Amino acid sequence: MRKQDVDYSLYLVTDSTPAILGTKDLYQVVEAALKGGVTCVQFRDKKSETGALIETARKLHAITQKYHVPLLINDRVDVALAVECEGVHIGQDDMTLATARKSLGPDAIIGVTVSTVEELDTACRGGADYVGIGTVFATPTKDDTKHIIGIEGVQRMLFYLSSSRSKVKSVCIGGINAANASQVMWQSMAKQKTLDGVAVVSAIVAAEDPEAAAKDLTRLIKTPPAFA
Ligand code: TZP
Ligand code: MG
């Protein structure tokens, strides 16, 4: 899989906490989501020990590989190296992009969370492959969020990406679900530049039927709302 060809349109971020996953099985949820059309998976687990993270990531990678979809690891370059998956996603409080790139090499996918145009500029100049723009809407999934940027905030980021003719891909995250996905995709457009996709946790992981939820989101993000 060439990293330039990665499709970010429906980006699933995992969450294994009972409040989100319920009694479901994480592997079954991820496989169902992939069947429903998820195009990129990030394994996010802030609680488990390294050994358990590696074991879970290995199993997830075996699943994502069947669907030719990249697996990225939240925060942990060491885990990504151990399982030889496609890359990592780092936040502003994690290791720097330069450090991650040095460890993983030029072919790895590295994504960075950005909440301001300044962070976006730094990520672009630093060689990020994609940015996760957020938090768009307040969400119980991540209650320590510092910046709620709204659709207008996403628009400012897309304006920057368009003006700077950046090739960095963009997804947005935070409170995105079937009720607002189409609006987020299309109302955030700036200077003809649209997001490359949306990232969701609970809209798929907490869904009773994750495959149906992913199918629905896939359809919605590809369909402009009537007023757009
Ligand atoms: N980063 C910003 S918001 C968020 C992360 C990981 C959680 C998004 O979860 P949900 O359930 O899609 O609102
Ligand atoms: Mg992080």
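When a ligand or atom number is given, it counts from 1 through the structure's own listing order. Source: prediction; values computed, not measured.
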Closer than 4.0 angstrom: is that true for some heavy atom of [X] and an atom of ligand 1?
X: T145; answer: no
X: V13; answer: no
X: G175; answer: yes

Legend entry - Side-chain touch L21/D15, heavy atoms, less than 4.5 angstrom: no
Do [X] and [Y] pair up side chain to side chain, a donor and an acceptor below 3.5 Å, judged on atom types alone?
X: R101; Y: T96; value: no
X: S163; Y: K191; value: yes
X: S164; Y: S166; value: no
X: H61; Y: E86; value: yes

Legend entry - Residue part near ligand 1, for T141, under 4.0 Å between non-hydrogen atoms: side chain
Inset, instruction - Could you tell me if the ring centre of Y130 sits under 6.0 Å from that of H89? - result: yes
Inset, instruction - Note the single closest protein heavy atom to atom 12 (O) of ligand 1, along with its residue, its atom name and the distance in Å. - result: V201 N, 2.8 Å
Inset, instruction - Can you pull out the closest protein heavy atom to atom 1 (N) of ligand 1? Residue, atom name and distance to 0.1 Å, please. - result: K142 CD, 3.3 Å
Inset, instruction - Please find the N/O/S atom of D94 nearest to the Mg ion (ligand 2) and write down its name. - result: OD2
Inset, instruction - Looking at D75, pick out the N, O or S atom nearest to the Mg ion (ligand 2) and give its name. - result: OD1
With atoms numbered from 1 as shown, which atoms in ligand 1 lie under 4.0 angstrom from a non-hydrogen atom of [X]?
X: V200; answer: 12 (O)
X: T135; answer: 2 (C), 3 (S)
X: S202; answer: 10 (P), 11 (O), 12 (O)

Legend entry - Nearest atoms (heavy-atom pairs only) where A123 meets L97: O-CD2, 3.6 Å
Legend entry - Closest non-hydrogen atom pair, N177 against A203: CA-CB, 3.9 Å
Inset, instruction - Please determine if the Mg ion (ligand 2) has an N/O/S atom from D93 lying under 2.8 Å away. - result: no
